[in-house]
Amino acid sequence: MIKKGFSTNAIHGLHKNNPCNALNSPIFQTSTFVFNNLQHVEDVMSFKSSDYVYTRGNNPTLREFEEKISILEGGKAAVAFASGMAAISTTLLSLLKPGDTVVMHRTLYGSAYTFAKNILTRYGINVIFTDLTEISNLYKIEESSVKVIYFETPSNPNLDIIDIAKVSEFAKTKEIKVVIDNTFATPYLQNPLKFGADVVVHSATKYICGHGDVVGGVAVSGDESYINELKFGYMCEFGGVMSPFDAWLLLRGLKTLSIRMEKHSENAMKIAEFLDNHKNVEKVYYPGLSSFKNHGIAASQMKLFGGIISFELKKGSTSEFVEKLKLLKLAVSLGDCESLVQVPALMTHRGYERTELENFGFTEKMIRISAGIEDVSDIIEDIENALI
Ligand code: PLP
């Protein structure tokens with residue numbers, strides 16, 4: 001099954017026959033599982049049997065989701081979490097201890113940034129934020145205590161592109177783990193493990209779900225023993241487990257991931273080109289534009305450029321722009337069928353200090369669009385009317 005194409009794997013996974021010959025797997029909506037006797041207890045608890053104990057540790061619906069996403073990312077195993085932030089925080093805490101250093105790209109999803117800045121540091125972990133779009137900044141870091149390099153590519157909200165292979169090559173020489181948030185690209189557009197990353201995390205809330213009705217997360221790795229440790233030593237103990245119903249909805253979402261990502265990317269490219277040629281637009285952030293920094297790296301590590309575009313207005317107010325929109329909805333989150341718009345400085349990235357927002361270019365003039373899969377002519381017409 002693993003050698004099949006992406007869409008076939010996204011639909012069938014490792015699927016076995018279902019009870020009652022049902023086409024779709026049932027939702028195992030149960031908190032606990034029944035043992036036959038104490039020998040069965042012993043076999044399961046000592047991992048001699050892969051039967052189940054309790055849904056916080058494992059559940060057949062979660063296992064099916066984990067197996068499928070792991071195949072799609074080119075990994076060996078995965079752990080599902082209650083949210084993307086549960087996946088990120090648990091993964092980082094599993095790899096770091098007091099005295100260690102984590103190097104992070106300076107622009108990240110707001111809560112990932114505040115988690116590192118406010119929480120990791122409270123536990124004695126040193127955090128270095130740097131601009132990883134320039135690989136030379138990584139080579140300049142002298143701390144010997146670096147244990148993890150963490151980034152998103154493309155990054156939220158300014159779509160920074162980071163060279164996964166170069167970072168991973170450097171990290172391998174120093175036994176540093178590379179953890180990449182692949183939420184914007186999804187496994188359809190980019191497989192960081194194939195470029196040498198150690199762990200991939202996702203907010204499954206976004207494209208993996210695709211319909212805006214789940215909050216979930218997942219971590220995938222090529223190292224099965226690390227995933228076992230992450231699951232039973234950390235996820236299980238912190239308790240941020242995904243619900244079986246959410247895993248079932250995500251299995252449904254995965255079936256259409258490839259066609260949705262094709263359409264999101266096609267629409268986003270057209271929107272980016274439209275914005276790039278508009279007189280009221282100061283700057284467009286989209287890795288598919290040949291003028292965008294590291295476009296060549298994006299083209300070499302991504303299949304297409306994804307569905308997120310950010311841009312800055314030349315004149316007029318951001319609030320007037322968002323209020324004029326009719327089709328695009330003002331909301332955080334992304335990756336849904338509906339086109340969404342938001343202002344990172346006021347919404348998802350509020351946790352950044354004002355000075356940092358300015359240094360990183362997230363002014364209140366920056367607007368992020370999550371291109372939906374509606375007819376692109378309707379999306380562009382809505383944006384055009386709001387830009388006037
Ligand atoms: N990573 C990225 C890139 C995100 O955009 C988000 C949320 O917007 C997250 C992680 C956090 O995911 P969740 O909201 O599922 O916890």
Side-chain angles (χ1 to χ4, degrees), residues 65 69 73 78-93 104-120 132 150-162 164 179-187 189-190 192 197 199-220 235 238-243 246-247 249-250 253 261 264 268 285 287 302 305-310 329-336 338 340-352 360 362 366-371:
F65 170 66
I69 195 87
E73 276 291 10
V79 190
F81 289 89
S83 67
M85 278 315 301
I88 294 165
S89 56
T90 309
T91 300
L92 288 174
L93 286 169
M104 297 186 141
H105 181 54
R106 61 185 203 165
T107 61
L108 295 171
Y109 168 60
S111 293
Y113 178 83
T114 46
F115 169 73
K117 194 172 170 193
N118 301 341
I119 301 178
L120 286 182
L132 292 175
Y150 177 90
F151 59 94
E152 303 160 1
T153 181
S155 74
N156 188 355
N158 54 352
L159 289 303
D160 276 348
I161 297 294
I162 295 157
I164 304 171
V179 180
I180 297 183
D181 181 335
N182 202 28
T183 300
F184 272 28
T186 82
L189 300 184
Q190 176 174 275
V199 188
V200 167
V201 289
H202 282 278
S203 168
T205 314
K206 311 297 179 334
Y207 293 106
I208 290 174
C209 168
H211 296 77
D213 47 15
V214 168
V215 173
V218 67
V220 190
M235 185 280 286
F238 284 124
V241 70
M242 180 181 281
S243 84
D246 285 341
L249 285 170
L250 295 174
M261 289 319 291
H264 284 296
Y285 301 76
M302 298 176 79
F305 301 100
I308 310 296
I309 316 118
S310 291
K329 304 291 179 244
L330 179 62
V332 298
S333 205
L334 56 103
D336 298 334
E338 294 82 356
L340 303 177
V341 66
Q342 69 116 357
V343 184
L346 303 177
M347 297 167 78
T348 50
H349 290 69
R350 279 188 94 93
Y352 276 76
F360 301 164
F362 306 168
M366 182 195 259
I367 297 165
R368 191 191 77 187
I369 292 176
S370 168

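The model shown is predicted, which means the values in this text are computed figures rather than measured ones. Counting starts at 1 for both ligands and their atoms, following the listed order.
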message: Parallel, tilted or perpendicular, judged at 30° and 60°: which one describes the rings of Tyr352 and Phe362?
response: perpendicular
- request: Using the salt bridge (Lys or Arg N to Asp or Glu O under 4.0 Å) rule, collect all pairs that involve residues 209-220, keeping only residues at least two apart or in two chains.
  value: Asp213-Arg252
Note every protein N or O atom lying under 3.5 Å from an N or O atom of ligand 1, pairing the names and giving the distance.
unit_1   : atom_1 : unit_2 : atom_2 : d
ligand 1 : 1 (N)  : Asp181 : OD2    : 2.6
ligand 1 : 5 (O)  : Asn156 : ND2    : 3.0
ligand 1 : 8 (O)  : Lys206 : NZ     : 2.8
ligand 1 : 12 (O) : Ser203 : OG     : 3.0
ligand 1 : 15 (O) : Gly84  : N      : 2.9
ligand 1 : 15 (O) : Ser203 : OG     : 2.8
ligand 1 : 15 (O) : Thr205 : OG1    : 2.6
ligand 1 : 16 (O) : Gly84  : N      : 3.1
ligand 1 : 16 (O) : Met85  : N      : 2.8

- line: Nearest heavy-atom contact between Glu152 and Thr107 is OE1-O, 4.3 Å
- prompt: Nearest heavy-atom pair of Ile308 and Ala268: which atoms, and what distance?
  reply: N-CB, 4.5 Å
- prompt: Atom SG of Cys209 and atom CG of Asp336: how far apart are they, to the nearest 0.5 Å?
  reply: 7.0 Å
- request: Measure from the side-chain N and O atoms of Asp181 to the backbone N and O of Thr183, and report whether any donor-acceptor pair falls under 3.5 Å.
  value: yes
